[in-house]
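Both backbone and side-chain heavy atoms feed into the values below; hydrogens, waters and symmetry mates do not.
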Amino acid sequence: MQLKNLLLALPAFAAAAPTPDASPQELSVQIVGGSTASAGQFPYIVTILRSGSLHCGGSLVNGNTVITAAHCATLEASTYTVRAGSLNWASGGVTVSVSQVIRNPAYSGNNNDIAIFKLAATIPTSSTISYVSLPAAGSDPAADTSSTVAGWGTTSENGPTSSTLRYVDVPIVSRATCQAQYGTSSITTNMVCAAETAGGQDSCQDDSGGPLITTGTSTLIGVVSFGNGCARRGFAGVYTRVSTQLSFINQYL
């Protein structure tokens, strides 16, 4: 499957069954089986627009810094715009241009799939905008802990994207189980996995770069990275583990 485009709460899209060590181009991620978000429910989530079109998701960590996936950050900064404070990716809220794109220099394949977007102007907090919290360094969410992912991505595998923000709650999957699904070398300690055992709920296409949080908090534990299709039974969604990326992130706050 292909890499996920940042948009959560939509069904993950389909893809060919991966080999034990699938390449990044074979993997993808979107949100499926979720619910419509309410105003202010995810005040730190942003839409990343590429030439005015939905591209990825991201999380506002302070007034001029967005965390997203490295695979969402392949072009010049002038290509991108960020929209914050709106449930709709195409309208409302505040839009700001991007002044700098910084991918983790350790990004390779799907590992360390994280990037920073520095904004050309500060986005202040408001009734619909606030900043995400970062996890403790090295923290690792336990299996079966509830997590939540959100975005504007497709609502089913190969389906349409959502004009309105959606979200879904999914339990954390142990790294050992995730390695059994994708291959040991494909799932590193820089990743965290989440999915319902029966499938049917996941992030999906155009959710890439969006936030995975500990349910009921604003703590960013993951960044939407990749998966085999969307919401398929036996394949968890895979996220960049933010707690192993803090030395990179903190350089740009």
Side-chain angles (χ1 to χ4, degrees), residues 1-10 12-13 24-25 27-32 34 37 42-51 53-62 65-77 79-84 86 89 95-96 98 100-104 106-107 109-119 123 131-132 134 147-154 161-162 165-168 190-194 202-213 218 220-227 230 237-242 244-245 248-249 252:
M1 58 198 275
Q2 301 171 336
L3 291 170
K4 300 183 180 185
N5 290 328
L6 298 185
L7 290 180
L8 302 176
L10 302 175
F13 60 88
Q25 291 73 25
L27 302 172
S28 68
V29 179
Q30 305 107 344
I31 296 202
V32 178
F42 300 98
Y44 42 79
I45 196 169
V46 301
T47 306
I48 296 176
L49 305 171
R50 185 177 67 184
S51 302
S53 297
L54 177 63
H55 177 56
C56 278
S59 300
L60 197 62
V61 68
N62 62 32
T65 310
V66 168
I67 294 174
T68 188
H71 75 263
C72 293
T74 60
L75 302 175
E76 296 295 324
T79 308
Y80 303 110
T81 304
V82 165
R83 185 186 303 278
S86 178
W89 71 260
T95 56
V96 175
V98 176
Q100 187 178 13
V101 171
I102 310 124
R103 298 203 299 180
N104 188 332
Y107 172 54
N110 297 314
N111 199 32
N112 298 303
D113 185 12
I114 195 165
I116 295 291
F117 281 19
K118 298 300 291 187
L119 305 180
I123 299 179
Y131 308 141
V132 78
L134 296 175
S147 63
T148 304
V149 61
W152 292 265
T154 59
T161 58
S162 175
L165 182 65
R166 296 178 62 81
Y167 72 97
V168 68
N190 293 316
M191 301 172 187
V192 61
C193 302
D202 195 5
S203 57
C204 204
Q205 290 167 318
D206 296 324
D207 285 322
S208 287
L212 179 75
I213 60 166
S218 60
L220 183 69
I221 57 174
V223 173
V224 180
S225 182
F226 70 92
C230 300
V238 186
Y239 302 80
T240 303
R241 182 180 163 197
V242 176
T244 66
Q245 306 296 316
F248 164 69
I249 293 169
Y252 301 102

- Heavy atoms only: give me the nearest V238-C193 pair and the separation to one decimal. CG2-SG, 4.1 Å
- Message: Closer than 3.5 angstrom, by distance alone: can the side chain of N190 be matched with the main-chain N or O of T244 as a donor-acceptor pair?
- Response: no
- Task: Nearest 0.5 Å please: distance from the OG atom of S218 over to the OH atom of Y131.
- Result: 13.0 Å
- Message: Between T79 (side chain only) and R50 (backbone N and O only), is there a donor and an acceptor less than 3.5 Å apart?
- Response: no
- L75 backbone acceptor or donor facing Y80 side chain under 3.5 Å: yes
- Query: V223 pairs by side chain to side chain contact (heavy atoms under 4.5 Å, CB included) with which of V242, D113, L212?
  - Reply: V242
- Under 3.5 Å, side chain of R241 to main-chain N/O of V192, donor-acceptor pair present? no
- Query: Once you round to the nearest 0.5 Å, how far does CD1 of I123 lie from CG of L60?
  - Reply: 5.0 Å
- Taking all heavy atoms of W152 and all of L165, pick out the closest pair and write down the distance. NE1-N, 3.2 Å
- Query: Looking at CZ of F117 and OG of S59, how far apart are the two atoms once the value is rounded to the nearest 0.5 Å?
  - Reply: 12.5 Å
- Message: As an exercise, state the distance from CH2 of W89 to SG of C56, rounded to the nearest 0.5 Å.
- Response: 13.0 Å
- Message: Do V46 and R83 make a side-chain contact, defined as non-hydrogen atoms from C-beta onward lying under 4.5 Å apart?
- Response: no
- Query: Nearest heavy-atom pair of N112 and A70: which atoms, and what distance?
  - Reply: O-CB, 4.4 Å
- Query: Considering all heavy atoms of both residues, which atom of A115 and which atom of R103 are nearest to each other, and what is their separation?
  - Reply: CB-CA, 3.9 Å
- Message: Quick check for you: to the nearest 0.5 Å, what is the distance between L220 atom CG and I67 atom CD1?
- Response: 5.5 Å
- Candidate pair Y44 and I213, rule side chain to side chain contact (heavy atoms under 4.5 Å, CB included), full reasoning: CA-CA 11 Å; Y44 42 79; I213 60 166; 3.1 Å; yes
- Which is it for V98 and L119 under the side chain to side chain contact (heavy atoms under 4.5 Å, CB included) test, yes or no, and what are the steps along the way? CA-CA 4 Å; V98 176; L119 305 180; 4.2 Å; yes
- Kindly compute the distance separating CG (N110) from CE (M191), expressed to the nearest 0.5 Å. 5.5 Å
- Residue pair Y167 / V149, side-chain heavy-atom distance below 4.5 Å: no
- Between S225 and H71, which heavy-atom pair has the shortest distance, and what is it? O-CE1, 3.2 Å
- Message: Test of understanding: with side chain to side chain contact (heavy atoms under 4.5 Å, CB included), list the residues that count as partners of F248, not counting sequence neighbours.
- Response: I102, N104, P105, I114, I116, Q251, Y252
- Do V132 and P211 have side-chain heavy atoms sitting under 4.5 Å apart? no
- Which heavy-atom pair separates Q100 from A77 by the least distance, and what is that distance? N-CB, 3.8 Å
